[in-house]
Amino acid sequence: MAKKATGQARYWLMKSEPNAYSIDDLAKEKKQTTFWDGVRNYQARNMLRDDIKVGDHVFFYHSNAKPMAIVGTAKVVKSGYADHTAFDKNEKHFDPKSDADNPTWYMVDIQLIQKYETPVTRDELKAEPKLEGMVLLQKGSRLSVQPVTAAEWKIIHKLAGVKP
DNA sequence: GCCAACGTTGGC
DNA sequence: GCCAACGTTGGC
């Protein structure tokens with residue numbers, strides 16, 4: 001598990017199915033900011049609650065899509081707080097066991113930094129030997145929020161042909 | 001506390 | 001559409 005914040009910039013990757021929520025949806029939001037709700041996995045929850053801090057940077061990844069790709073970047077503008085969608089039974093990710101006084105699930109707010117003109121596809125990521133260790137590319141990796149190293153952040157921007 | 005059954009994720 | 005890899009649930 002990730003260490004506590006040390007103050008230096010840190011990097012993450014968040015997955016979304018574009019039919020559910022795409023980077024274009026984020027681009028259309030007021031202030032291009034949204035809350036990242038609906039994470040219902042404890043490992044990811046721990047990162048949202050404990051590790052992801054304001055100013056951290058995030059890759060926006062489209063899963064189950066054509067193409068599967070990193071499509072842009074965002075930054076964290078609000079650190080972990082209760083995911084209120086867990087308390088609303090009309091919400092898809094309603095969790096009757098989550099208690100508003102002691103929330104089970106957390107979310108953060110992110111703001112768009114840039115949408116890549118050319119997404120970096122999963123195939124391109126796989127073709128880059130230096131990215132072998134990426135959590136995203138590990139077999140069976142299903143974490144919807146995952147850490148990214150500074151080196152990976154740099155390499156992927158190079159592949160995208162843009163500055164971080 | 002074990003583990004089989006089940007549901008989900010998400011690449012292929 | 002398929003299915004492997006996970007995570008969760010619940011009976012025992």
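Order of the sequence lines fixes the chain letters, A, B, ..., with proteins taken first and strands second; residue numbering starts at 1 for each chain. Just so it is clear, the structure is predicted and the values come from calculations on it, not from any experiment.
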Once you measure the plane-to-plane angle for [X] and [Y], does it fall in the parallel (<30°), tilted (30-60°) or perpendicular (>60°) bin?
{"X": "Y21(A)", "Y": "W36(A)", "value": "perpendicular"}
{"X": "F60(A)", "Y": "H62(A)", "value": "perpendicular"}
{"X": "F35(A)", "Y": "H84(A)", "value": "perpendicular"}

Using whole Å, what does the distance between atom [atom2] of nucleotide [N] and atom [atom1] of [X] come to?
{"X": "R142(A)", "N": "dA4(C)", "atom1": "CZ", "atom2": "C1'", "result": "10 Å"}
{"X": "M14(A)", "N": "dT9(B)", "atom1": "CE", "atom2": "P", "result": "17 Å"}
{"X": "R40(A)", "N": "dG7(B)", "atom1": "CZ", "atom2": "P", "result": "20 Å"}
{"X": "N64(A)", "N": "dC2(C)", "atom1": "CG", "atom2": "P", "result": "16 Å"}

Next on the checklist: Nearest to the side chain of R122(A), heavy atoms from C-beta on, is which of dC6(C), dC12(B), dG10(B)?
Outcome noted: dC12(B)
Checklist entry - If you check every side-chain atom of Y61(A), which of dG11(B), dC12(B), dG10(B) has the closest atom? => result dG11(B)
Next on the checklist: I need the single residue from K78(A), K75(A), R10(A) that forms a salt bridge (Lys or Arg N to Asp or Glu O under 4.0 Å) with D56(A). Which is it?
Outcome noted: R10(A)
Item to check | No-hydrogen, no-angle side-chain donor-acceptor test under 3.5 Å, R40(A) and T85(A) | outcome: yes
Item to check | Residues D109(A) and Y81(A): side-chain donor-acceptor under 3.5 angstrom | outcome: yes
Checklist entry - Is there a residue in residues 95-109 of chain A whose heavy atoms reach under 4.0 Å of DNA chain C, and which residues are they? => result K97(A)
